[in-house]
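Take a look at the structure set out below.
Both ligands and their constituent atoms are indexed starting at 1 by order of listing. Here the structure is a predicted model, which means the values were calculated and not measured.
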Amino acid sequence: MSASASHPQLVSIDPATGEAIGSVPVTAIESIPRLVFQAREAQRGWGALTHAQRAEVLRPAAARLKAEARRLGELASREMGKPLPEAIGEANYCADGLAGELDEIVAALADVVREDARVASTLRHAPLGVCAAITPWNFPLLMPHQSVIPALVAGNTVLLKPSEETTLVACEYAKILNEFLPPSVLTPVFGDGAQGRALVLADVNLIVFTGSRETGKRILADAGPGLKRVILELGGKDPLVVLDDADLDAAAAFAVRNSFRNAGQVCVSTERIYVDARVREPFLRRMVERTSALKQGNPRESGVTVGPMVSARQKAKVVAQIDAAIAAGATVLAGGESREGNFVAPTILADVDHSMEVMREETFGPVACVQAFATVDEAIRLANDTPFGLGAAVFGADVARAGEVAARIHAGMVGINQGCGGADGCPWVGAKDSGYGFHSGPEGHRQFAQVRVLSRPK
Ligand code: NAD
């Protein structure tokens, strides 16, 4: 993505080919306070509807998203390099899940009655006002969707500032919702961190941010003086612990899938793997075998499962971490080299330790790092030796023992013999530097609303 000074356009570049594929006009910073004012005016009417009425306004968008899923998926794949079936899958996921999500939000925001001998109280979930939703590029449809839908049903109006890397697909997404919404209820804002910051500093009441820890800290600092409500969903450095009794085929299959999916550009990618020293060799052999079967290339080519990095900048960051680890003694078991264009080969590094940046900082690339442990206590200490706490996974045949290990890992979501995603109705939640505030499930939806308690004597 690049912006030219003479023509303030954000140009989208296909990271697989370097081709320009389209552009959107940059939103002038000076216009942001006016857009926020218009959103505030629109909020009066939108906020006066009931939760159920707002959900009904949005419900027909499901069919439109479904009808456009292929086009949206193709655009997302071209704009950020995700394999085409996964990009179409992301669009379908948003479309297919919308009706259920609307119902879940309405139920979560229903009045709650609390009574004692003296007082009868009703808890209402009222709108907060105007919401700034600021999103990353790695799930260019799902991230805006998960921020915008609960905010709207709660009665807020929303200004959506998508990543500068994926404006085209976000623009199309907003257009579809706007076929159904009144004017200024959902307003896209296009630009980079400067537009994002201007939105945070504008007269907004809620900031819903998904992105890196560094940007999250800046947003929190900017939101502080106005005591603005913030929901921060930040980065991760997810561990996988492979116990001595684990099903090694299943553990290796999970490790390869979860380290290299979306070329590792997933907040809950497996970036650190701790394997019991007694099963290190057979586990690594299985990982290497599976990694060699992956096909990397243009994400629209059939059979390709690993695309490029989203940008040259992201590639440079990933390659720098790999090179530094190799220089410090890591052993390369797969990949290790950067390829032409924005591609980084799926890489397995063994003999790593926590002195290396690749084990401490988020990589956000196709790199799986494997360290052996001697005792379960050591595995837990290593897994928790990180400021991040988003997801984690533990593989072990004795599920009770694996569960005890999982419970000692300081992350928001821990999977036992599976990834970290929970059952329907669970929130998507991080701990420690992976942010505070979260979304999904009744607990997540309620964060988009102001609780008000109305009480009367009995
Ligand atoms: P980023 O922090 O660089 O940018 C995210 C968004 O913030 C973009 O829209 C950007 O323009 C905007 N922005 C930048 N500076 C800003 C500022 N000062 N004020 C307001 N807005 C600003 O992140 P990214 O590179 O787009 O995305 C990758 C990151 O997102 C990774 O760290 C990843 O782990 C994280 N992520 C987290 C989750 C989660 O659920 N926790 C999900 C997806 C991605």
Next on the checklist: Has Ser269 got a side-chain atom pairing as donor or acceptor with Glu271's backbone, closer than 3.5 angstrom?
Outcome noted: no
Next on the checklist: Can a donor-acceptor pair be found, under 3.5 Å and without considering hydrogens, that links the side chain of Thr347 to the backbone of Val367?
Outcome noted: no
Item to check | Pair Gln9-Ser23, side-chain donor/acceptor within less than 3.5 Å | outcome: yes
Next on the checklist: Could you check whether Thr270 and Asp238, counting side-chain N and O atoms only, form a donor-acceptor pair closer than 3.5 Å?
Outcome noted: no
For [atom], what is the nearest protein heavy atom, given as residue, atom name and distance?
atom                    : result
atom 10 (C) of ligand 1 : Glu164 OE1, 3.5 Å
atom 23 (O) of ligand 1 : Ser212 N, 3.5 Å
atom 8 (C) of ligand 1  : Thr135 O, 3.4 Å
atom 27 (O) of ligand 1 : Pro136 CB, 3.2 Å
atom 36 (N) of ligand 1 : Cys267 CB, 3.6 Å
atom 5 (C) of ligand 1  : Phe209 CE1, 3.7 Å
atom 35 (C) of ligand 1 : Gly211 O, 3.3 Å
atom 31 (C) of ligand 1 : Glu362 OE1, 3.4 Å

Do any nitrogen or oxygen atoms of [X] come within less than 3.5 Å of a nitrogen or oxygen of ligand 1?
X      : value
Trp137 : yes
Leu234 : yes
Thr210 : no
Arg213 : no

Which of the numbered atoms in ligand 1 are under 4.0 angstrom from any heavy atom belonging to [X]?
X      : value
Pro162 : 9 (O)
Asn138 : 43 (C), 44 (C)
Lys161 : 8 (C), 9 (O), 10 (C), 11 (O)
Ile219 : 19 (N), 20 (C), 21 (N)
Met143 : 42 (C), 43 (C)
Ile134 : 6 (C), 7 (O), 9 (O), 12 (C), 20 (C), 21 (N)
Trp428 : 39 (C), 40 (O)

Checklist entry - Out of Val268, Thr215, Thr166, whose heavy atom is nearest to atom 3 (O) of ligand 1? => result Thr215
Exercise: identify the closest heavy-atom pair between [X] and [Y]:
X      : Y      : value
Val370 : Val352 : O-CG2, 3.5 Å
Asn138 : Val266 : ND2-CA, 3.8 Å
Met80  : Pro140 : CG-CG, 3.9 Å

Report, one line per pair, each donor and acceptor closer than 3.5 Å where one atom sits in a side chain of residues 414-423; sequence neighbours left out.
from   : atom 1 : to     : atom 2 : distance (Å)
Asn417 : OD1    : Gly396 : N      : 3.0
Asn417 : ND2    : Gly396 : O      : 3.0
Gln418 : NE2    : Gly421 : O      : 3.2

Checklist entry - Once you round to the nearest 0.5 Å, how far does CG of Leu168 lie from OG of Ser12? => result 3.5 Å
Checklist entry - So, are Glu337 and Arg339 salt-bridged, with charged N and O less than 4.0 Å apart? => result yes
Checklist entry - Do Lys317 and Glu357 sit within salt-bridge range, that is, some charged N less than 4.0 Å from a carboxylate O? => result no
Checklist entry - Got Arg446 and Val451 here, is their nearest side-chain heavy-atom distance under 4.5 Å? => result no
Checklist entry - Do Tyr93 and His145 have side chains that get closer than 4.5 Å, going by heavy atoms? => result no
Proximity of [X] to ligand 1 by residue part, where a heavy atom lies under 4.0 Å:
X      : answer
Asp222 : neither
Asp192 : backbone
Ser434 : neither

Item to check | Cationic tip of Lys161 above Phe209 ring, under 6.0 Å, 45° of axis | outcome: no
